[in-house]
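In what follows, a structure is listed as structure tokens, so that the remarks can point back to it.
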Amino acid sequence: MRVAFVGKGGSGKTTLSSLFARYAATRARVVAIDADINQHLALVLGAEQPRPLGGMLTEIKDHLRGDNPRIPSASVMVKTTPPGRGSRLLTLDDPFFPSVEVQGLRLMATGPFGEDDLGVACYHSKVGAVELYLNHLVDGPGEYVVVDMTAGADSFASGMFTKFDVTFLVVEPTRQGVSVYRQYQEYAAEFDVAIAVVGNKVQTADDRAFLRDQVGPDLLTCLDHSPAVRAMEQGRAFTLDDLEPGNLAGLQTLLDRVDAAEKDWAKFGRQAHEFHLRNARAWADRATGCDLADQIDPGFIFGSVALESEMRAAAGRP
Ligand SMILES: Nc1ncnc2c1ncn2[C@@H]1O[C@H](COP(=O)(O)OP(=O)(O)OP(=O)(O)O)[C@@H](O)[C@H]1O
Ligand SMILES: [Mg+2]
């Protein structure tokens, strides 16, 4: 299952991504990905920064296109290019993507948006590496991918937000927090994306009532303002056992929500194709000089069927 944390700047996306990923990792296999412009997830998890995926786009494209005849070179592969027959599909433990092991999980990162990037690359091309990864990943039961997304509506500016089984929208109990929720609700409805709201930094019964009143049934649960998280921020040692019982219960509610979601590979494939066509028409056809609609393989079936046949083909390769 793939899970994204989105929300307003400072609402707690990185904090909740890290806590949720650590919590899920006590029960299952977890890959956490920092896809924010400001890379903080490694710091919060106490890890070294992994090698940035954003700096190895061409290698990633060459790896993923495999021997898909519709993608003859990395230069015609764009972030939305979907897998087809011959593409290399990924499992959660794929060794090609650089990661670091920390807190029982694998951490990957797009890498920071540096000074050098100004004018030559945009944030979306960097997170394109994550989009390609998610497009080619076939995650199975008992596996979780947790992505810390960039702040605000920017996370809706690419096709990334259609790559998740559940999107957690982190909302503080303020009017501004709620207005971001309403904006996201509209985008999500337009693209048939499942959103669950997680209240965060809740301090009082009034905070809780405010969120319940403003968000209604989309409000899944609330996490309280946590002295344990604050202590962690101040550099003190932290384990999940230090977390307040109410906040631990909140993490379990998130996990239950993810486990209750139904994997819908057909929808995933449909949306991957739809966003690829949009992207092709908007700029990518012009940029590559090709009709990128040809990269869509109508005979390719997303999900475990494709993975199994790819594995059979790989076993037959010299
Ligand atoms: N439940 C919580 N209890 C206490 N402090 C919290 C909680 N959630 C987040 N914080 C604190 O709020 C601040 C912002 O959190 P965080 O960095 O996770 O937000 P973010 O949404 O990832 O921000 P950005 O948009 O900058 O990436 C941090 O100092 C963090 O420790
Ligand atoms: Mg953050």
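What you see is a predicted model; the values in this text were computed from it and never measured. As the structure lists them, so they are numbered: ligands from 1, and atoms in each ligand from 1.
The distance from ligand 1 to the heavy atoms of D36 drops below 4.0 Å at these ligand atoms: 27 (O).
Close to ligand 1: N200, with a non-hydrogen atom less than 4.0 angstrom away. Under the 4.0 angstrom criterion for non-hydrogen atoms, D224 is in contact with ligand 1. Contact annotation: E233 has at least one heavy atom less than 4.0 Å from an atom of ligand 1. Residue G7 places no heavy atom under 4.0 Å from ligand 1.
Counting only heavy atoms of the protein, atom 3 (N) of ligand 1 lies nearest to S226 N, 2.7 Å. Atom 21 (O) of ligand 1 has K13 NZ, 2.7 Å as its closest protein atom, hydrogens excluded (heavy atom only). The nearest heavy-atom contact from the protein to atom 10 (N) of ligand 1 is K201 CE, 3.7 Å.
Judged purely by distance below 3.5 Å, without hydrogens or angles, the side chains of Q214 and R175 never pair a donor atom with an acceptor atom.
K263 and D139 are joined by a salt bridge, as a carboxylate oxygen and a charged side-chain nitrogen come within less than 4.0 angstrom of each other.
Applying the side chain to side chain contact (heavy atoms under 4.5 Å, CB included) test between L105 and each of T26, V31, L45 identifies L45 as the sole match.
The other residues sharing a hydrophobic cluster with V78 are W283, L292, where clustering joins ILVMFWY side chains under 4.5 Å apart.
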